[in-house]
Amino acid sequence: MPERVYEHQEIEAKWQLRWDATPGLYKADEDSSRPKYYVLEMLPYPSGSLHIGHIRNYAIGDALARYKWMQGFNVLHPMGWDAFGLPAENAAIKNKRHPYEWTHANIAEMKRQHRRMGFSYDWDREVTTCEPEYYRWNQWFFLKMMERGLAYRKLANVNWCPECATVLANEQVIDGCCWRHETTRVEQKALSQWFWKTTAYADELLRDIDDKLEGGWPDRVLAMQRNWIGRSEGTEVDFTLEGTEQKIRVFTTRVDTIYGATCVILAPEHPIAQQLMDDEGKARAKELIDIRKQQDPSDVRKVGYFTGGYAINPYNGDKVPVWISNFVLMDYGTGAIMAVPAHDERDFEFATQYDLPIRSVVRAIDGGLEAIPTAPFTEYGITEIAGEFSGLTTADARRAMSAHAEKHGFGNASITYRIKDWGVSRQRYWGTPIPVIHCEDCGVVPVPLDQLPVLLPTDVKITGQGKSPLAEAEDFVNVKCPTCGKAARRETDTMDTFVDSSWYFYRYCDPKNSDAPFDSKKIAYWFPIDQYIGGVEHAILHLIYSRFFTKVMRDLGLITNDEPAARLFTQGMVIRDGAKMSKNKGNVISADETITNYGADTARVFELFAAPPERDMDWTDAGADGAYRFLGRVFRFVTRNVDRVSDGDPASDRKALRKLHQLIHRITDDFDSRWHFNTSIAGMMELVNVLYEEESKLSRAALDQILPALVLLLGPFAPFAAEEMWEVLGRTGPVFRQPWPKYDVELEKEDAADVVLQVNGKLRGRLSVPFGADQAALEQAALADPKVKPFIDGKQVVKIIVVPDKLVNIVVR
RNA sequence: GCCCGGGUGGCGAAAUCGGCAGACGCAAGGGACUUAAAAUCCCUUUUCCGGCAACGGGAGUGUGGGUUCAAGUCCCACCUCGGGCACCA
């Protein structure tokens, strides 16, 4: 067969059509006898098109899925999309189309783009989270959580993004700004909102990081999660408000320093602060709250006021003033602290600023107490002037003093978390309606199960003006109370779209089920996800929420796994002109454009070749040219050698086959461990270079072994080209259904060992010797080597190091 | 400030267990083919010194120390870039 030019458009169009005719690229059944492998990419929030960064995410997962199938696994690799949140709503407003209609048009476009990329796609497992069935199960979960006290409504200070015109959960605030609008500062508003009790699982979420995720998830992500959950062990202690029976409860991790407390500081919102202060004081408190709202995170200004009240330290009966300050937060700990300026940085700063007394009660183990400290002593030491606790080490004092508080009823050891409950209410049109009804007589009434799903009305006006458009939809809002039958109002908040993405991967296992969210047996087969792949930006968003959801579902008896994913891989970002691709910066490269210019195969190969997948990479068109050239080289070699008759030269055959088997070994290892696909592809390039060198001297028999193996190795990375070449080779069936090639350890062996000769660690020569050569013989050969001799002549040989088959190092003086 | 990662040619990078630094590719330069161009194929390309050349020698993986026969790799200190957290009591 004559050489063919590599026409990527033609080839990709041809094989895309074939795949269309065969729905379900992966026929993955739960009762398969193969071992299972569930690989999944984190879904981006596509607002119309894939860009080159998305391709990278999918290319990694798709290559792995194809490899695993070829290795004999029963692979579940669904591809889809989940929550269409604000982008859909915004686009709908702009295009004057109903979001539902817009979303479905968008999904059709996404499908087309996925097909063009040749991503394996299980058409039977399509899940779109805007569908009524998905709403039903979201709502069903919501009600289950209410039953268990995990969903509740309360008036709270919540984050408000003016751009989105909705509230946000804490996890969705990044550097004081909205996660979707990097330059829009989030405001605080007091609103009545629905929350999910993530704090109820704080301890388990933290513990399982060590017990279940360590080793399988990147340390970076685990560190971020630990940080976010923020467990701290300490003590709660009641100070008595002077002249009353009222207690001010403070939380401290350093109860051992309490004899040095010279002040109690309350958050400005603290009820006791409010009660102590007159109108002027309240105005000041409000001022403090405002300072905090507007405060730049890097601004560390502390402002405080004396409330006029005094509190009694229960350990020593000291009377200390009660202050308020902006640096004490109402929603962490108890909203009140004891200030120990001598042993805490912040308290020291505050005390210095307002001339409060500073009293040392902890000394360094080998030092004395500082009478007038110039800086706080915050290290481990010995507690002094603390009555019966004097002389104890920091750790012992903490234990003894916590026990003392508990025994005398004025406190106890306590654990505080930084993580807060997940605010799930959104004032958006788009999202699952929260399934409750507000009745004047009966209060908050759950919608009965047989009335689910509560669906979005289709005739609302979408304004994007900060109030849920649902509130204006009279037919939707005005309902009868399910309990008493009186006129009542439907809840108009919708759920955070992160709710949808928290369990979509369960629904993928059983997407058409209308009796239950899923069949638990199917989940038991597929879960946990063997490999989850996505960007690090979801480390404390999606990846906390979905862990929480998994634990709740386990406690509801629906599943048995404790964690959603056994292994997580975070791929690097695709950078363009030194910045992450984003619409705002206008540096987005559309996948469609790239596929048209270079082809899907080239886009994938280049993205995997340019850098190891965990590292950020720059997209440059120049680099893509190289990947394209490589595919062309392979293609031409295969097409012109498919039926060429040749006797060949045994030496060339041996060289090429050795390279081939080394390559199979290398790529197999890369897939099984490091995923350094850049070196896998580099290896294929090396093989192709050898094939070009030896081409005229390769025998038919060698070619018959090399060509199909090369095509199979290329399959996971460049599926279209591989498919076409497979056909050229006269083979049938999709490439990814072939068994993965095996390497032969005999064939990959070099003929002789290349032994490096060093003198004092410097390379001076090399020897080619048979494998397993005798040490003494190697030493002799090295000493006699003409390149080595000049460097040892006239010097004393002190020592000779021999690493068999590798190296001889002669140490001379 | 605390916690994670990084720092290797003009560029992206490789070196998997302490054993030949720079594989593979990009860009650049040269050559072949061609009326010409594109495409393709081949060669050179860390740097400095010596040489017409083959070649020979020195230096070299952010900086300074250390361990070792041997360090990009291990240890200590520092510089620097990126990311995360940050009045969390």
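Convention: sequence-line order gives letters A, B, ...; per-chain numbering from 1.
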- prompt: Can you check the A:E379 CD to B:C2 P distance for me, whole Å?
  reply: 12 Å
- prompt: On a whole-Å scale, what distance lies between the C1' atoms belonging to B:C78 and B:A86?
  reply: 25 Å
query: If you find the nucleotide of RNA chain B closest to A:D347 and the one closest to A:P612, which residue's nucleotide is nearer the 5' end?
result: A:P612
task: Give none if B:A54 has no partner; otherwise give the nucleotide forming a Watson-Crick or G-U wobble pair with it, both distances under 3.5 Å.
output: none
- prompt: For B:G5, does either OP1 or OP2 sit under 4.0 Å from a side-chain N or O belonging to A:R615?
  reply: no
task: Quote, to the nearest angstrom, the C1' distance that separates B:U8 from B:A21.
output: 8 Å
- prompt: Please give, in whole Å, the distance from B:G84 C1' to A:W217 CH2?
  reply: 16 Å
message: Tell me whether A:R764 is salt-bridged to A:D785, with the criterion being a basic N under 4.0 Å from an acidic carboxylate O.
response: no
- prompt: Are A:E686 and A:R666 close enough for a salt bridge, meaning some N to O gap below 4.0 Å?
  reply: yes
statement: Rounded to whole Å, CZ of A:R640 lies from P of B:U40 at a distance of 12 Å
query: Looking for any heavy atom pair under 4.0 Å, which part of the strands does A:K420 touch: base, sugar-phosphate only, or nothing?
result: nothing
- request: Classify the nucleic acid contact of A:Y692 as base, sugar-phosphate or nothing, counting any heavy atom under 4.0 Å across all strands shown.
  value: sugar-phosphate
- prompt: Any side-chain N or O of A:R226 under 4.0 Å from OP1/OP2 of B:G84?
  reply: no
- prompt: In Watson-Crick or G-U wobble terms, both distances under 3.5 Å, what is the partner of B:A86?
  reply: none
- request: Please work out whether B:C17 sits syn or anti, treating a glycosidic angle within 90° of 0 as syn.
  value: syn
Rounded distance (Å) that lies between atom P of B:C87 and atom CZ of A:F251: 16 Å
message: What's the gap between B:G25 and B:U45 when it is taken at their P atoms, as a whole Å value?
response: 14 Å
field: Basic-acidic side-chain contact under 4.0 Å: A:K697, A:E695
entry: no
Nearest-angstrom distance, P atom, B:G6 to B:C76: 16 Å
query: Would you call A:R398 and A:E233 a salt bridge, taking side-chain N to carboxylate O under 4.0 Å as the test?
result: no
query: In terms of side-chain geometry, is the basic nitrogen of A:K799 or A:E779 positioned less than 4.0 Å from the acidic oxygen of its partner?
result: no
task: Pick the P atom in B:U46 and in B:A38, then give their distance to the nearest Å.
output: 26 Å
message: With a 3.5 Å limit on both atom pairs, tell me what B:A36 is paired to, counting Watson-Crick and G-U wobble, or say none.
response: none
field: Contact state string [nucleotides 18-29 of chain B, B base, S sugar-phosphate only, - no protein heavy atom under 4.0 Å]
entry: -BB--BBSSS--
- request: Under 4.0 Å between any heavy atoms, over every strand shown, what does A:V250 touch: base, sugar-phosphate, or nothing? Just pick one.
  value: nothing
task: Determine the Euclidean distance between corresponding C1' atoms of B:U61 and B:A13; express it in Å to zero decimal places.
output: 13 Å
Pair A:R359 + A:D318: basic N to acidic O under 4.0 Å: yes
G-U wobble or Watson-Crick pairing nucleotide for B:C41 (cut-off 3.5 Å, both distances): B:G31
P spacing across the pair B:A14 / B:C4, given as an integer number of angstrom: 23 Å
query: Is B:G5 in the syn or the anti form, by the rule that syn lies within 90° of 0?
result: anti
field: A:R658/A:D751 salt bridge by N-O under 4.0 Å criterion
entry: yes
- request: Give none if B:G12 has no partner; otherwise give the nucleotide forming a Watson-Crick or G-U wobble pair with it, both distances under 3.5 Å.
  value: B:C24
message: Between B:G60 and B:G66, how many Å separate the two P atoms, rounded to a whole number?
response: 15 Å
query: Considering only side-chain heavy atoms of A:M224, which listed nucleotide, B:A13, B:C4, B:G84, is closest?
result: B:G84
- prompt: Please give, in whole Å, the distance from B:G60 C1' to A:K762 NZ?
  reply: 11 Å
message: Suppose we define a pair by two distances each less than 3.5 Å, Watson-Crick or G-U wobble; what does B:A59 pair with here?
response: B:U46
query: What is the nucleic acid contact for A:R418, judged by heavy atoms within less than 4.0 Å: base, sugar-phosphate only, or nothing?
result: base
- request: In plain terms, say whether A:R254 and A:D344 are close enough for a salt bridge, that is, a side-chain N and a carboxylate O under 4.0 Å apart.
  value: no
- prompt: How about A:F677 and A:F606: are their ring centroids closer than 6.0 Å?
  reply: no
query: What about A:F630 and A:F609, are their ring centers closer than 6.0 Å?
result: no
message: Please classify the nucleic acid contact of A:F791 as base, sugar-phosphate, or nothing, using heavy-atom distances under 4.0 Å.
response: sugar-phosphate
- prompt: Touch check for A:R764, heavy atoms < 4.0 angstrom, all strands: base, sugar-phosphate only, or nothing?
  reply: sugar-phosphate
query: A:V811 side chain: which of B:G12, B:C69, B:A89 is closest?
result: B:C69
message: Taking the minimum atom-to-atom distance to the side chain of A:Y332, which one of B:C4, B:A89, B:G56 wins?
response: B:A89
- request: Go through the N and O atoms of the side chain of A:K302 and the base of B:C87, and report whether any donor-acceptor pair is under 3.5 Å.
  value: yes
- prompt: Roughly, in whole Å, what's the span from CZ in A:F630 to C1' in B:G12?
  reply: 17 Å
- request: Nearest whole angstrom, please: distance from the C1' of B:G5 to the CG of A:L222.
  value: 14 Å
- request: Grab the CG-P distance between A:D616 and B:C4 for me, whole Å please.
  value: 20 Å
